[in-house]
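Everything below concerns the one structure shown next.
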Amino acid sequence: MSTTVGQRIRQLDATVINKIAAGEVIERPASVVKELLENSADALATRIEVDLIDGGAELIRVVDDGEGIHPDDFMLAVSSHATSKIVSDNDLFSVHTMGFRGEALASIASVSKFRLRSRQADSESAYELKVEGGKVGAVIPAGGPCGTSIEVRQLFHNTPVRRKFLKTKATEYAHATEYFTRVALARPNLHMVLRHQNKVSYELPATDNLLERLRMFYGNELTSQLIRVDGELGGMKLWGYAAHPSQNKANRKGQYLFLNGRWIQDRTVQAAISEAYRGLVMVGRQPIVFLFLEMPSDQVDVNVHPSKWEVRFQDSQQIYRLVLSTIRDTFLGMDLNGSMSGPAGKPSAPHEETPEQQQLKLELTHWAKDQLQQAESEFAGIKPQPVAPAQIPSLPQTSDSAANPFTTHSQEETAEAPSRGETSSIHSSPESPPQAYLGGEVRAMQVMDCYLLVDDPSGVMIIDQHALHERIMYEHLRPRVLEGKVESQQLLMPLTIELSADEAGVLLDHQELIGEFGYGLEEFGGNTILVNRYPVMLQKADHAQVLRDLVIELDTPGRKPSRRDLIDSLLHMMSCKAAVKAGQRLSPEEIESLLAKRDLVDDAHHCPHGRPTAMVLTQEQLDKQFGRLGA
Ligand code: ADP
Ligand code: MG
């Protein structure tokens, strides 16, 4: 109040405005990569090469063979709100290019050491323009091929606070890779190259087959489990691939949605995807899809958010119906023949689908119908409240999911859970007699290699052995983590673990926290991480898998967990890993030691997956079932 009295309103100068605007669109090196890639795609390039040094913090260079910029337009290209892509506000409603705001280059140039070099096909030479700290140089002739090359060095060098907030090179690189992936999937017909520290990370030849490009990113295992989907509704088209439900993730990072060739994020579509897979993937897991929506541009407003990720559909209910019915119908095979032919203009499904994929689709169809029938004739017997997730059909196991104790474990649990016909029988098969523990006061037995039956004063207690053990492990681990006393095993020869750039980055950003759980991690270079100690309680675990699952706990988009939340979710995850699994035969001694702590379970407790850990059948309930009441 005191210092501002007498201050008059002044127009900010352009450099300041640009710096402020930069904050809107340029958040980190990856944002620069996104903007430059989109510009190259808009300029009708057929080949784009991206070079990054130190995750892009030191250098981002994007070179394309597109139509180039006329030397007279260089100055305009780097000034704000100058664009060649729209002329009037009316054009805003019919944008066909990826960019249109005309502020990206200006913003980038204002917060970096920037060099633009470009040559149009009919020009004798290339020209270049440098901008440093907002100071624009002169346009001078230079050498270079047709197309445009933009170099961005030391991003945020003149906004030190923002530069300080950049994460590790690995994390920044991972973010940049994500944007690269989005453009690469949106435009398979572009030849694209990504290099980091002068090493090629991706070399993607142009193709008109999206599956081929997907294979370059995700490998054969996932790609062979993708099912072609095609649908149409009221002038809107949807096509793409939906993964078999056995392929899933803990977050939505495996869900790619493109609207008219641009990557977007949309809640309506996400909800429709979840609905389409409901009952097919476990609660808390997310399906993997690559979907392309196409609609007339007057049915959607893309000018909602500077990053253009969010859009506003004129009729989002219709979008919901389109996405849901396209995926569901494919799964149920109601329209199998219709969708196999694919809409006109798109490469038709049989053309892109391998025989394996057609087989997969058939299997999935049968199985989905089966599931529905089962659900309808639901047995009204005694069973745990939250129903175990639907069992997935036995397809050739990918080595990835076989090596993943998390997936294996949930599948085992599903497979081991008593099926409806078996609820009345408590006997295992004759060749595997149930293990009993009859010591002291407690009479108990293991059944189905999965549950412990305990004769308890309150009634017959049925305990999920995995859930109980998990709880015990949790109680064991928690105080040790809080006091910094987790027993860990030092390794003479560190393990090397190869991860994705994304995963390595997240782990290194949380190195210290992970250390408190008994894992010693070191950066090794590339995407490799060294493990020099591990928690003793996870002696037998697959450490690469544990670390990958840690990443998922640490890095859920849209969630900024507190340290306490993080510790809690890591505690749950590690306890789950350390616990005996369903399907594991226990010795009488093991049963005894588990039951010694059974006061830790109660039927109110639910394991992190939402299933109950124990239930009690009271004498009253049993009497009622057997018609003894009122007798
Ligand atoms: P926008 O993409 O929103 O128009 P930008 O600031 O990203 O705004 O780019 C400004 C202008 O510079 C573009 O409209 C385009 O004319 C030109 N331009 C930028 N990058 C390229 C490129 N790689 N090739 C050709 N022209 C480009
Ligand atoms: Mg642009």
Side-chain angles (χ1 to χ4, degrees), residues 14-15 17-27 30-51 60-89 91-112 114-123 126-131 134 136 139 142 144-152 155 179-180 182-183 186-187 190-193 260-263 297 302-309:
T15 358
I17 294 174
N18 284 343
K19 270 200 200 176
I20 296 170
E24 238 185 296
V25 272
I26 308 302
E27 204 190 333
S31 339
V32 175
V33 172
K34 167 184 182 277
E35 295 295 338
L36 298 184
L37 282 176
E38 291 187 351
N39 281 347
S40 297
D42 284 347
L44 307 176
T46 64
R47 188 186 169 97
I48 309 177
E49 300 197 16
V50 183
D51 267 286
I60 302 157
R61 185 194 302 120
V62 175
V63 180
D64 69 49
D65 64 353
E67 57 194 8
I69 306 175
H70 192 278
D72 294 350
D73 289 345
F74 273 34
M75 289 296 186
L76 273 176
V78 298
S79 52
S80 45
H81 307 300
T83 176
S84 56
K85 298 171 192 175
I86 56 173
V87 179
S88 74
D89 56 352
D91 297 341
L92 272 180
F93 300 98
S94 55
V95 183
H96 299 290
T97 48
M98 289 180 132
F100 56 80
R101 288 167 177 267
E103 64 200 348
L105 289 192
S107 300
I108 296 167
S110 72
V111 290
S112 68
F114 178 94
R115 193 195 77 185
L116 160 66
R117 211 177 248 185
S118 190
R119 178 176 157 195
Q120 293 194 311
D122 55 4
S123 172
Y127 289 85
E128 80 168 36
L129 171 65
K130 288 183 177 165
V131 185
V136 184
V139 180
C146 290
T148 304
S149 151
I150 290 179
E151 262 185 28
V152 176
L155 186 66
Y179 288 98
F180 179 86
R182 290 173 191 169
V183 176
R187 307 283 174 101
L190 283 175
H191 183 137
M192 293 179 66
V193 182
N260 295 343
R262 185 188 285 134
W263 183 90
S297 43
V302 290
N303 193 25
V304 179
H305 192 266
S307 64
K308 305 178 220 106
W309 287 347

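Positions are given from 1, in the same order as the sequence printed here. Both counts, for ligands and for their atoms, begin at 1 and track the order of listing.
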*Can you tell me if Gly66 has a non-hydrogen atom under 4.0 Å from ligand 1?*
no

*Is any N or O atom of Asp42, backbone or side chain, closer than 3.5 Å to an N or O atom of ligand 1?*
no

*Examine the proximity of ligand 1 to Leu105 and report which part, side chain or backbone, both or neither, has a heavy atom under 4.0 Å away.*
both

*Residue part near ligand 1, for Asp73, under 4.0 Å between non-hydrogen atoms*: neither

*Atoms of ligand 1 close to Gly68 [distance to a heavy atom under 4.0 angstrom, numbered from 1]*: 25 (C)

*Of all the heavy-atom pairs spanning Phe74 and Tyr127, show the shortest one and how long it is.*
CE2-O, 3.4 Å

*Would you check whether Thr148 has a nitrogen or oxygen atom less than 3.5 angstrom from a nitrogen or oxygen atom of ligand 1?*
yes

*Can you sort out which atoms of ligand 1 are near Ala77, meaning under 4.0 Å from one of its heavy atoms?*
10 (C), 12 (O)

*Any N/O pair Asp64/ligand 1 closer than 3.5 Å*: yes

*Run the numbers for me: atoms of ligand 1, each under 4.0 Å from some heavy atom of Ala104, listed by number.*
6 (O), 7 (O)

*With Leu105 as reference, evaluate Leu76, Val152, Asn39 under the side chain to side chain contact (heavy atoms under 4.5 Å, CB included) test and give the passing residue.*
Asn39

*Side-chain donor/acceptor of Ser123 to backbone N/O of Arg119, under 3.5 Å*: no

_Can you tell me which residue among Asp51, Ile48, Thr148 is in a side chain to side chain contact (heavy atoms under 4.5 Å, CB included) with Val62?_
Ile48

*asked:* Taking side chain to side chain contact (heavy atoms under 4.5 Å, CB included) as the definition, give me every residue that meets it alongside Ala109, ordered by chain and number, with sequence neighbours left out.
replied: Phe114, Val131

*asked:* Is the contact between Glu38 and ligand 1 made by the side chain, the backbone, both, or neither, using heavy atoms and a 4.0 Å cut-off?
replied: neither

_For Glu67, state whether at least one heavy atom is located under 4.0 Å from any atom of ligand 1._
no

*Would you check if the side chain of Gln120 reaches a backbone N or O of Gly68 as a donor-acceptor pair within less than 3.5 Å?*
yes

*asked:* Listing request: all side-chain hydrogen bond (donor to acceptor under 3.5 Å, both in side chains) pairs with a residue in residues 65-74, at least two apart in sequence or in separate chains.
replied: Thr46-Asp65

